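To start, the structure itself, in structure tokens.
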Amino acid sequence: QVQLVESGGGSVQTGGSLKLSCVASDFSYTPPCMGWFRQAPGKEREGVATSLYGDNTYYAASVKGRFTISRNNTKNSVYLRMNSLKPEDTAMYYCAAGNQWGAQCVAMRPSDFGYWGQGTQVNVST
């Protein structure tokens with residue numbers, strides 16, 4: 001059974017950094033689209049960054065220039081390096097994987113992703 005397991009969340013002060021990791025196990029192939037989403041209390045889940053096979057990366061405007069997504073396809077892993085963190089980055093962060101290509105990977109719609117992790121909490125304090 002496919003599982004995505006995230007790690008690396010925690011609490012930091014404004015301006016700090018964290019690196020999230022996600023390992024997808026029991027995939028018989030490399031999922032083309034992998035990414036990160038986040039959900040703050042009382043808000044909808046939103047896309048943060050996605051990567052199409054690691055060759056193409058896409059970011060939400062709110063994190064562009066501060067966050068970097070990367071992949072290790074041999075390990076079916078995806079990472080999110082988060083720098084210059086702000087209190088508004090506080091949320092539960094979820095790893096996701098899907099079979100979509102191109103524009104559907106760019107769009108970062110949660111409904112397009114078939115596989116999800118349980119989430120890892122990121123707290124950024126002032």
Side-chain angles (χ1 to χ4, degrees):
Q1 184 175 354
V2 170
Q3 280 191 317
L4 277 67
V5 179
E6 304 98 335
S7 61
S11 297
V12 296
Q13 291 186 324
T14 297
S17 297
L18 285 172
K19 183 176 181 179
L20 307 183
S21 300
C22 171
V23 179
S25 60
D26 291 335
F27 265 99
S28 59
Y29 61 95
T30 299
C33 187
M34 295 188 76
W36 291 92
F37 289 75
R38 66 187 181 187
Q39 188 166 18
K43 294 189 176 181
E44 292 187 355
R45 190 169 297 190
E46 63 173 359
V48 175
T50 55
S51 173
L52 188 60
Y53 276 130
D55 297 327
N56 297 289
T57 56
Y58 313 99
Y59 298 92
S62 59
V63 307
K64 199 167 187 179
R66 300 187 297 122
F67 291 10
T68 303
I69 188 171
S70 59
R71 290 179 62 165
N72 182 331
N73 290 333
T74 60
K75 297 182 179 180
N76 273 348
S77 297
V78 63
Y79 311 94
L80 186 69
R81 177 67 181 181
M82 305 184 294
N83 294 329
S84 302
L85 282 160
K86 305 175 180 180
E88 51 263 44
D89 295 318
T90 294
M92 184 72 79
Y93 282 71
Y94 297 91
C95 170
N99 298 319
Q100 66 272 33
W101 289 79
Q104 284 190 304
C105 190
V106 178
M108 289 190 256
R109 282 187 299 263
S111 58
D112 289 333
F113 289 79
Y115 305 96
W116 290 88
Q118 293 299 308
T120 185
Q121 181 68 37
V122 171
N123 294 313
V124 185
S125 59
T126 55

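Keep in mind that this is a model prediction, so the values were computed, not measured.
Residue Asn76 holds its CG atom at 9.0 Å from OG of Ser25, rounded to the nearest 0.5 Å. Atoms CZ and OG, from Phe67 and Ser17 in turn, are 9.5 Å apart once rounded to the nearest 0.5 Å. Expressed to the nearest 0.5 Å, how far CZ of Arg38 lies from CE of Met92 amounts to 14.0 Å. To the nearest 0.5 Å, atom OG1 of residue Thr68 and atom CE of residue Met82 are 11.0 Å apart. Note that OG1 of Thr50 is 11.0 Å distant from CZ of Arg109, once rounded to the nearest 0.5 Å. Taken to the nearest 0.5 Å, the CD atom of Gln118 stands 11.5 Å off from the SG atom of Cys95.
Nearest approach of Gln1 to Asp26, heavy atoms of both residues: O-OD2, 3.0 Å. Closest of all the heavy-atom pairs between Gly98 and Pro32 is O-CD, 3.4 Å. Shortest non-hydrogen contact noted between Asp89 and Ser84 is OD2-O, 4.4 Å. The shortest heavy-atom contact between Leu4 and Ala97 is CD2-N, 3.8 Å. Considering every non-hydrogen atom in both Tyr94 and Gly117, the closest pair reads CD2-O, 3.6 Å. When all heavy atoms of Thr90 and Ala40 are compared, the pair lying nearest together is O-CB, 3.8 Å.
For the pair Met34/Phe113, no side-chain contact is recorded, criterion being any heavy-atom separation below 4.5 Å from C-beta on. Between Tyr79 and Asn72 the shortest side-chain heavy-atom distance falls below 4.5 Å.
Cluster annotation: Phe37 and Tyr59 are assigned to distinct hydrophobic clusters (Ile/Leu/Val/Met/Phe/Trp/Tyr, side-chain heavy-atom contacts under 4.5 Å, transitive). Under a hydrophobic-cluster definition in which Ile, Leu, Val, Met, Phe, Trp and Tyr are linked whenever side-chain heavy atoms come within less than 4.5 Å, directly or via other members, Val124 and Trp36 are assigned to the same cluster. When hydrophobic clusters are built by joining Ile, Leu, Val, Met, Phe, Trp and Tyr residues whose side-chain heavy atoms come closer than 4.5 Å, directly or via intermediates, Val12 is grouped together with Val122. Taken together through direct or relayed side-chain contacts under 4.5 Å among Ile, Leu, Val, Met, Phe, Trp and Tyr, Trp101 and Val106 form part of one hydrophobic cluster. Following chains of ILVMFWY side-chain contacts shorter than 4.5 Å, one can reach Leu18 starting from Leu80, so the two form part of one hydrophobic cluster.
Surrounding CD of Glu44 are at most 12 heavy atoms belonging to other residues, nucleotides or ligands under 6.0 Å away. Annotation: Gln121, atom CD; neighbour count of heavy atoms from other residues, nucleotides and ligands within 6.0 Å is above 12.
A donor-acceptor contact shorter than 3.5 Å is absent between the side chain of Asp112 and the backbone of Cys105.
Tested against Arg71 for a side-chain contact (heavy atoms from CB on, under 4.5 Å), the candidates Ser51, Cys22, Ser77 yield a single pass: Ser51.
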